[in-house]
> 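This is the structure, below, for whatever I ask next.
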Amino acid sequence: DAGVTQSPTHLIKTRGQQVTLRCSPKSGHDTVSWYQQALGQGPQFIFQYYEEEERQRGNFPDRFSGHQFPNYSSELNVNALLLGDSALYLCASSLAPVWDPNYGYTFGSGTRLTVV
Amino acid sequence: DQQVKQNSPSLSVQEGRISILNCDYTNSMFDYFLWYKKYPAEGPTFLISISSIKDKNEDGRFTVFLNKSAKHLSLHIVPSQPGDSAVYFCAASVSGSEKLVFGKGMKLTVNP
């Protein structure tokens, strides 16, 4: 049973460029959340997708956008990259938007984005 | 403004002893709390959660205690094992919200 898979694992981009990160949720899950983890910090909520719509959004600018496909996989897009966008981007999945207290969210291993 | 705080960045304990990881929060609206463990190059793994209507939840070697009046929770690991060495994150959530608010994490090292 595959867990949450994210691609790519590492990425280097130049300031001003655009990037797309991908996530496939755990089998049986239909909800995808994205988190940004800067060095030395805890993960910060970016947004969540359910039924192909953005349900909730954290304090991130519009440069961060996403999409969910009918097969529940998701993409995170970041435009006009800044040096400060360098971070580990984590995808988390669950069955239905509100996490189960017995299981929490299931996280992927993340995509390490470096902006130079 | 950090709503969830893990004030100690690291903890080192001997195998077999108790590990106590602390977490404080400022938002009184939080009513669910979770602990995650993270190994290098892996995503966070869910450990245990507690609802604000309880003051203790136990799962095997892991016990979480919640003190609502002090806005404080702690994770106890007994006995600690070398495989428990990881970064531990405390997270909180408001009922009905999908968003988790994480602390900065604490690195636990369990020495054989």
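Naming: A, B, ... by sequence-line order, numbering from 1 per chain.
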> List the atom of Leu90(A), the atom of Gly43(B), and the distance in Å for their closest heavy-atom pair.
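Answer, listing the atom of Leu90(A) first, then Gly43(B): CD2-CA, 4.4 Å.
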
> Mind checking which of residues 35-47 of chain A sit less than 4.5 Å from chain B, heavy atom to heavy atom?
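Within residues 35-47 of chain A, near chain B: Tyr35(A), Gln37(A), Gly40(A), Gln41(A), Gly42(A), Pro43(A), Phe45(A).
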
> Return yes when atom CZ of Arg61(B) has more than 12 non-hydrogen atoms of other residues, nucleotides or ligands closer than 6.0 Å, and no otherwise.
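For Arg61(B), atom CZ is crowded (more than 12 foreign heavy atoms under 6.0 Å).
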
> Which residues, numbered in order, of residues 102-110 of chain B come under 4.5 angstrom of chain A by heavy-atom distance?
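Those residues of residues 102-110 of chain B which have a heavy atom under 4.5 Å from chain A are Phe102(B), Gly103(B), Lys104(B).
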
> Please answer: with hydrophobic residues joined when any side-chain heavy atoms are less than 4.5 Å apart, are Phe64(A) and Val115(A) in the same cluster?
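The answer is yes; both residues are in one hydrophobic cluster.
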
> When only heavy atoms count and the cut-off is under 4.5 Å, which of residues 65-73 of chain B reach chain A?
none

> When you group the ILVMFWY residues by side-chain heavy-atom contacts below 4.5 Å and let the links chain together, are Val87(B) and Tyr36(B) in the same group?
yes

> Under 4.5 Å between side-chain heavy atoms, hopping through other hydrophobics if needed: is there a path connecting Val4(B) to Tyr88(B)?
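Looking at the clustering, Tyr88(B) is in the same group as Val4(B).
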
> Please classify the contact of Tyr39(B) with chain A as side chain, backbone, both or neither, using a heavy-atom distance under 4.5 Å.
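Neither; nothing under 4.5 Å.
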
> Is the count of non-hydrogen atoms from other residues, nucleotides or ligands lying under 6.0 Å from Arg63(A) atom CZ greater than 12?
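More than 12 heavy atoms, drawn from other residues, nucleotides or ligands, come within 6.0 Å of this atom.
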
> For residues Tyr72(A) and Leu21(A): do they belong to one hydrophobic cluster (side chain heavy atoms under 4.5 Å, members Ile, Leu, Val, Met, Phe, Trp, Tyr)?
no

> What are the two closest heavy atoms between Phe46(B) and Tyr105(A), and how far apart are they?
CB-O, 4.4 Å

> For Gly108(A) and Pro44(B), which heavy atoms make the closest approach, and how far apart are they?
O-CD, 4.3 Å

> So if you build clusters from Ile, Leu, Val, Met, Phe, Trp, Tyr with side-chain heavy-atom gaps below 4.5 Å, do Val4(A) and Leu95(A) land together?
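No, Val4(A) and Leu95(A) fall in different hydrophobic clusters.
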
> Which residues from residues 81-89 of chain A are near chain B, with near meaning under 4.5 Å between non-hydrogen atoms?
Leu88(A)

> Decide if atom CG of Asn59(A) counts as having more than 12 heavy atoms of other residues, nucleotides or ligands within a radius under 6.0 Å.
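No, the 6.0 Å shell around CG holds no more than 12 heavy atoms from other groups.
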
